[in-house]
Amino acid sequence: MNSTWLRRFTTAAGNGPRLVCFPHAGGSATAYVQLARTLPADFDVVAVQYPGRQDRFYEEPFTTLGPLVEAVAGELAEELLADPGRPYALFGHSMGALIAFETARLLARRSELPEPQRLFLSGRGAPDVGPSAYALPDDDAGVLAEVRKLGGTDQEMLENPEVLEMVLPALRADYRLLSTYRWGGGAPLATPITALVGDSDPMVTVPEAGTWQEQTTGEFELKVFSGGHFYLADQVGKVAAAVTAGMLATTAV
């Protein structure tokens, strides 16, 4: 059943693995509708719905990462404890990759919970110790310029004043969250990581995406797709195949 935080766009037909998906800055759970419908039918695909967007529009969005991760991890913990035998993985794109990574770190500290089988971290490099490596905008004009530079399928909506009024609060909050995030260092996870990136992404290079290897003592893969920051929209079939292979390879061990 859907909760305030979690959305499902398909009905899992069997006991396949669960994939928990984290949207990008300004994004919502529906960013993963097509991926959910492209993955095998027995996958349980769950998308996180952050406050401040779509049906949670009137809720205050988070502006710092720690409390957001704690809230998401608490919600996921209930799902995991209710179905402890089902293997699961986390998939995050851009800002979502950072939230998925920090959520995995938090879940790993709870001994009563199963650890994720794999992390799929897309459209972002691993965090560096200290301030964010990304130059982030500090006003609405800068935020919109950044979003336009990254491209994606929602560009036309940015020209609609009514739509813009609805999406700007979440975008402002998400960019503030990113600008205040600090990675303090820590031991790498044991969880295998698959990094995914578009070969012409203006935000992250292929070598930068490869830095996620430093954050795991387990298996690491780097998957490069044709496209920019939102390559997933055009490459959903290939991404679904990479996720399926990564999940099945891990659960078969």
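Numbers here simply count residues along the sequence, with the first being 1. Basis for what follows: all heavy atoms, side chains included, without hydrogens, waters or symmetry-related copies.
For Thr216 (side chain) and Gln213 (main-chain N/O), no donor-acceptor pair under 3.5 Å exists by modelled atom type. Side-chain atoms of Thr30 do not come within 3.5 Å of backbone N or O of Val33 as any donor-acceptor pair. In this structure a side-chain-to-backbone donor-acceptor pair under 3.5 Å is present from Asp199 to Gly227. For the pair Thr211 (side chain) and Ala126 (backbone), a donor-acceptor distance under 3.5 Å is present.
When only modelled atom types and interatomic distance are considered, Thr4 and Gln49 share no side-chain donor-acceptor pair under 3.5 Å. Side-chain polar atoms of Arg37 and Thr10 form no donor-acceptor pair below 3.5 angstrom.
At least one side-chain heavy atom of Val72 sits under 4.5 Å from a side-chain heavy atom of Trp5. Using a 4.5 Å cut-off on side-chain heavy atoms (C-beta onward), Gln34 and Val236 make contact. Under the 4.5 Å side-chain criterion, counting only non-hydrogen atoms from C-beta, Val243 is in contact with Leu19. Considering only heavy atoms from C-beta on, Val46 stays 4.5 Å or farther from Tyr32 through its side chain. Thr103 has its side chain out of reach of Val20: every pair of non-hydrogen atoms, C-beta onward, lies at least 4.5 Å apart. Annotation: side chain of Leu119 is not in contact with side chain of Pro192 (no heavy-atom distance under 4.5 Å). Between Thr194 and Leu121 there is no side-chain heavy-atom pair separated by less than 4.5 Å. Using a 4.5 Å heavy-atom cutoff, the side chains of Arg176 and Leu171 are not in contact.
Between Asp128 and Arg182, no side-chain nitrogen of the basic residue sits less than 4.0 Å from a carboxylate oxygen of the acidic one, so the salt-bridge criterion is not met. Using a 4.0 Å cut-off between charged side-chain N and carboxylate O, Glu221 and Arg118 make a salt bridge. We find that Glu59 and Arg53 are not joined by a salt bridge, their nearest charged nitrogen and carboxylate oxygen being 4.0 Å or further apart.
Here the shortest heavy-atom pairing between His24 and Asp174 reads O-OD2, 4.3 Å. Taking each heavy atom of Arg110 and Ala77 in turn, the nearest pair found is NH1-CB, 3.5 Å. Across all their heavy atoms, Ala209 and Ala195 have their closest contact at O-CB, 3.5 Å. Nearest heavy-atom pair across Met247 and Pro17 is CE-CB, 3.1 Å. The minimum heavy-atom distance between Ala97 and Ser122, with the atom names listed, is CB-O, 3.7 Å. For Ala29 against Pro23, the heavy-atom pair with the smallest separation is N-CG, 4.0 Å.
Within a 6.0 Å sphere centred on CD of Glu60, other residues, nucleotides and ligands contribute 12 heavy atoms or fewer.
Judged as a ring pair (Phe, Tyr, Trp, His ring centres under 6.0 Å), the pairs with a partner in residues 201-225 (not counting sequence neighbours) are, in order, Phe101-Trp212, Phe225-Tyr231. Pairs of residues two or more places apart, or lying in two chains, that qualify as salt bridge (charged side-chain N to carboxylate O under 4.0 Å, His left out) and include a residue from residues 17-28 are Arg18-Asp44, Arg18-Glu79, Arg18-Asp83.
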Checklist entry - How far apart are the C-alpha atoms of Leu68 and Ile99, what are their side-chain angles, what is the distance that settles it, and do they pass the side chain to side chain contact (heavy atoms under 4.5 Å, CB included) test? => result CA-CA 8 Å; Leu68 174 57; Ile99 298 172; 3.6 Å; yes
Checklist entry - Where do Leu90 and Thr191 land on the side chain to side chain contact (heavy atoms under 4.5 Å, CB included) test, with the steps shown first? => result CA-CA 11 Å; Leu90 308 183; Thr191 307; over 6 Å; no
Item to check | Verdict with reasoning, Ser28 to Tyr50, per side chain to side chain contact (heavy atoms under 4.5 Å, CB included) | outcome: CA-CA 7 Å; Ser28 61; Tyr50 309 132; over 6 Å; no
Next on the checklist: As a quick check of understanding, evaluate ring-ring contact (aromatic ring centres under 6.0 Å, His included) for Phe120 and His93, giving each step before the final call.
Outcome noted: CA-CA 8 Å; Phe120 296 93; His93 179 69; over 10 Å; no
Next on the checklist: Before you tell me yes or no, could you show the steps for Val69 and Glu102 under side chain to side chain contact (heavy atoms under 4.5 Å, CB included), namely the whole-Å CA-CA distance, both residues' side-chain angles and the distance that decides it to 0.1 Å?
Outcome noted: CA-CA 7 Å; Val69 167; Glu102 290 288 5; 3.8 Å; yes
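Rounded to the nearest 0.5 angstrom, Ser226 OG and Gln235 CD are separated by 5.5 Å. Here the CG atom belonging to Leu178 is positioned 11.5 Å from the OG1 atom belonging to Thr64, to the nearest 0.5 angstrom. Rounding to the nearest 0.5 Å gives a distance of 14.0 Å between OH of Tyr175 and OG1 of Thr180. With rounding to the nearest 0.5 Å, the separation of OG in Ser94 from CG in Leu232 is 12.0 Å. Atom-to-atom distance recorded for Gln117:CD and Arg86:CZ is 12.5 Å, nearest 0.5 angstrom. Distance CG/Leu65 to CH2/Trp183: 11.5 Å, rounded to 0.5 Å.
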